[in-house]
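Only one structure is covered here, and it is reproduced in the block below.
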Amino acid sequence: MAHHSTSAFQAGQTGLIVRIEEAEPSVRRWREQLDPSARAGVPAHVTVLFPFLDESRIDELVHCALADVLGSHRAFDLRFERCGRLPEVLYLVPEPDMPLRQLTAAIADRWPEAPPYGGRFAEVVPHLTIAQGQEDVLLDEIETDLADGLPFTSRVSSVELMVHDGTKWQERASFALGE
């Protein structure tokens, strides 16, 4: 879910993601080996906002506000037809990425105390992480392998709230987008 070691995930940490089930056949095998979040229970996804509020702060009011904010955005289709790179990270590029950026901005505006990635990056690039912390030569090999499974399209109609229990990420709630 973020670019750092697994040990940095803490109990009570939360994140908002969109699940991309259509990606699983292509990426599952690689993510399980090379993306720590996969081993920790996070499905193939694009992050909307991480880290979100600490679990202790997520009460009925926050649930209602999330349902409101997210419900005011329409469901949309994403197409994945190519890979992208960040340093030591290989990911699938979601297109168009504007609806994802709008979801992130809407949540960050409503909860300014929870900026994306703790405010570490000036721009947040929507991406579906496949592998992190690997040499380019391995990333090239994975990219070639993935080409067979591309392109595919995914309908995004909800945003999932994930909570870390100290060992694993669990889905805590799902918020529907408008139709």
Side-chain angles (χ1 to χ4, degrees), residues 1-10 13-52 75-104 107 115-171 174 177:
M1 211 177 271
H3 313 302
H4 49 51
S5 68
T6 38
S7 59
F9 292 138
Q10 289 150 4
Q13 244 180 350
T14 70
L16 294 161
I17 67 169
V18 295
R19 202 185 261 276
I20 308 292
E21 284 173 25
E22 294 80 357
E24 294 286 2
S26 312
V27 307
R28 175 180 283 136
R29 165 169 90 88
W30 294 113
R31 287 188 68 242
E32 283 176 354
Q33 295 173 55
L34 304 171
D35 177 8
S37 80
R39 288 193 295 277
V42 184
H45 68 283
V46 178
T47 300
V48 173
L49 195 136
F50 172 85
F52 186 51
F76 54 92
D77 288 319
L78 287 177
R79 187 171 163 84
F80 295 84
E81 50 191 43
R82 62 193 174 91
C83 291
R85 301 276 177 104
L86 292 164
E88 297 195 332
V89 175
L90 176 70
Y91 63 92
L92 289 176
V93 179
E95 296 170 299
D97 71 3
M98 191 45 73
L100 291 161
R101 290 173 183 266
Q102 288 166 343
L103 289 176
T104 299
I107 299 289
Y117 299 106
R120 284 206 314 255
F121 305 104
E123 186 193 17
V124 177
V125 179
H127 59 283
L128 190 160
T129 298
I130 298 156
Q132 43 181 317
Q134 305 302 317
E135 300 292 321
D136 281 347
V137 57
L138 177 58
L139 298 183
D140 291 341
E141 185 188 316
I142 299 169
E143 190 166 342
T144 304
D145 176 67
L146 290 172
D148 295 345
L150 301 174
F152 64 87
T153 302
S154 182
R155 179 80 176 157
V156 176
S157 57
S158 66
V159 172
E160 277 61 58
L161 172 66
M162 304 290 288
V163 176
H164 199 270
D165 65 11
T167 311
K168 287 268 192 215
W169 287 96
Q170 312 272 357
E171 183 180 313
S174 182
L177 299 177

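As a basis for the values below, the full set of heavy atoms in this structure was taken, side chains included, without hydrogen atoms, waters or symmetry mates.
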Per-pair distances, 0.1 Å, donor-acceptor, side chain in residues 88-95, under 3.5 Å, sequence neighbours excluded:
{"residue": "Glu95", "atom": "OE2", "partner": "Arg82", "partner atom": "NE", "Å": "3.3"}
{"residue": "Glu95", "atom": "OE2", "partner": "Arg82", "partner atom": "NH2", "Å": "3.2"}

> Is it true that Glu22 and Arg79 make a salt bridge, defined as a side-chain N closer than 4.0 Å to a carboxylate O?
Replying inline: no
How close do [X] and [Y] get, heavy atom to heavy atom, and via which atoms?
{"X": "Leu146", "Y": "Cys83", "result": "CD1-SG, 4.0 Å"}
{"X": "Trp169", "Y": "Gly15", "result": "CZ3-N, 4.1 Å"}
{"X": "Leu128", "Y": "Ala23", "result": "CD1-CB, 3.8 Å"}
{"X": "Pro96", "Y": "Pro99", "result": "O-CD, 3.5 Å"}
{"X": "Asp35", "Y": "Gln132", "result": "OD1-NE2, 3.0 Å"}
{"X": "Leu161", "Y": "Thr14", "result": "CD1-CB, 4.0 Å"}

In the structure I gave you, are the side-chain heavy atoms of [X] and [Y] within less than 4.5 Å of one another anywhere?
{"X": "Glu123", "Y": "Arg101", "answer": "yes"}
{"X": "Phe121", "Y": "Pro116", "answer": "no"}
{"X": "Asp140", "Y": "Arg85", "answer": "yes"}
{"X": "His164", "Y": "Pro51", "answer": "no"}
{"X": "Ile20", "Y": "Val27", "answer": "no"}
{"X": "Ile17", "Y": "Pro43", "answer": "yes"}
{"X": "Gln134", "Y": "Ile142", "answer": "no"}

>> For a side-chain contact (heavy atoms from CB on, under 4.5 Å) check, start with the C-alpha distance between Val46 and Phe80, then their side-chain angles and the critical distance, and finish with the verdict.
In response: CA-CA 11 Å; Val46 178; Phe80 295 84; 4.3 Å; yes
As an exercise, state the distance from [atom1] of [X] to [atom2] of [Y], rounded to the nearest 0.5 Å.
{"X": "Thr144", "Y": "Leu139", "atom1": "OG1", "atom2": "CG", "value": "11.0 Å"}
{"X": "Leu103", "Y": "Asp97", "atom1": "CG", "atom2": "CG", "value": "11.5 Å"}
{"X": "Ile130", "Y": "Gln33", "atom1": "CD1", "atom2": "CD", "value": "12.5 Å"}

For the pair [X] (side chain) and [Y] (backbone), establish whether a donor and an acceptor sit closer than 3.5 Å, ignoring hydrogens and angles.
{"X": "Glu32", "Y": "Trp30", "value": "no"}
{"X": "Lys168", "Y": "Val163", "value": "no"}
{"X": "Arg19", "Y": "Ala44", "value": "no"}

> Looking at Glu160, Met162, Glu21, Arg31, which one forms a side chain to side chain contact (heavy atoms under 4.5 Å, CB included) with His45?
Replying inline: Arg31
